[in-house]
Amino acid sequence: MSTYENIYKIVRQIPIGKVATYGQVSELANLSGKPRLVGYALYRVDIASDIPWHRVINAKGEISYSPLRQGGDYTQKVLLEQEGIEFNTEGKINLRQYLWHPGNY
DNA sequence: ACATTGACCCGTT
DNA sequence: GAACGGGCCAATG
């Protein structure tokens, strides 16, 4: 299993209505301390794939926009709002409320 | 095989 | 709080 497949597997486990940070995903994927790999992996994911890439955000509770996805700038925001996640006036998510706490049991 | 490219996180000023 | 810098590794041409 490739490193990136591992990441994709974790991302697929994020429940609807919750979000996870890159750091979180990296730890769950046995890539502790290497959160960039998560971002790089998601960069390679197709926007139309079955992977809920939109539920992965940065540690500040903000959406990380990709320069390459400039056309669909708030595609990610729209998808999250459709799942009931709300943004504050600064465009940030309340992590205390929406951050995914992986059960793992 | 080398160089470039990338959606980040954390500790310290 | 905000700003800055270092570290990290895999895929791609």
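Below, read A as the first sequence line, B as the second, and so on, with proteins coming before strands; counting in each chain starts at 1.
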Going by atom types alone, do A:Y40 and A:R36 pair a side-chain donor with an acceptor below 3.5 Å? yes
OH of A:Y22 versus C1' of B:dC10: gap in Å, rounded? 17 Å
Using a 6.0 Å distance limit plus a 45 degree cone around the ring axis, check whether A:K77 lies over the aromatic ring of A:F87. yes
For every nucleotide of nucleotides 6-13 of chain C, 5' to 3': is a protein heavy atom under 4.0 Å from its base (B), only from its sugar-phosphate (S), or from neither (-)? -BBBSBS-
Taking CD1 from A:I51 and P from B:dA7, how many angstroms apart are they, rounded to a whole number? 17 Å
So do A:Y22 and A:S64 actually touch side chain to side chain, heavy atoms under 4.5 Å? yes
Given atom CG of A:L99 and atom P of B:dC9, what is their separation to the nearest angstrom? 11 Å
For A:E62 and C:dA2, give me the distance from atom CD to atom P, rounded to whole Å. 13 Å
Determine the Euclidean distance between corresponding C1' atoms of B:dA1 and C:dT12; express it in Å to zero decimal places. 13 Å
Can you check whether A:S64 has a side-chain N or O nearer than 4.0 Å to OP1 or OP2 of B:dA7? no
Which pair of non-hydrogen atoms, one from A:I10 and one from A:V25, has the smallest distance, and what is that distance? CG2-CG1, 4.0 Å
Provide, to the nearest angstrom, the distance between the CD atom belonging to A:Q24 and the P atom belonging to B:dC8. 16 Å
Measuring only the P atom in each nucleotide, how far is B:dG6 from C:dG7? A whole number of Å is fine. 23 Å
By nearest-nucleotide position on DNA chain B, the 5'-leaning member of A:G23 and A:Y43 is A:Y43
Interatomic spacing from CG in A:N88 to CD1 in A:I93 - rounded to 0.5 Å: 9.0 Å
Atom CD1 of A:I7 and atom C1' of B:dC8: how far apart are they, to the nearest Å? 12 Å
Across all chains, not counting sequence neighbours, the side chain to side chain contact (heavy atoms under 4.5 Å, CB included) partners of A:K9 are A:M1, A:Q13
How many angstroms lie between CG in A:L37 and OH in A:Y43, if you round to the nearest 0.5 Å? 15.5 Å
Over how many whole Å does the gap from A:K92 atom NZ to C:dA2 atom C1' extend? 11 Å
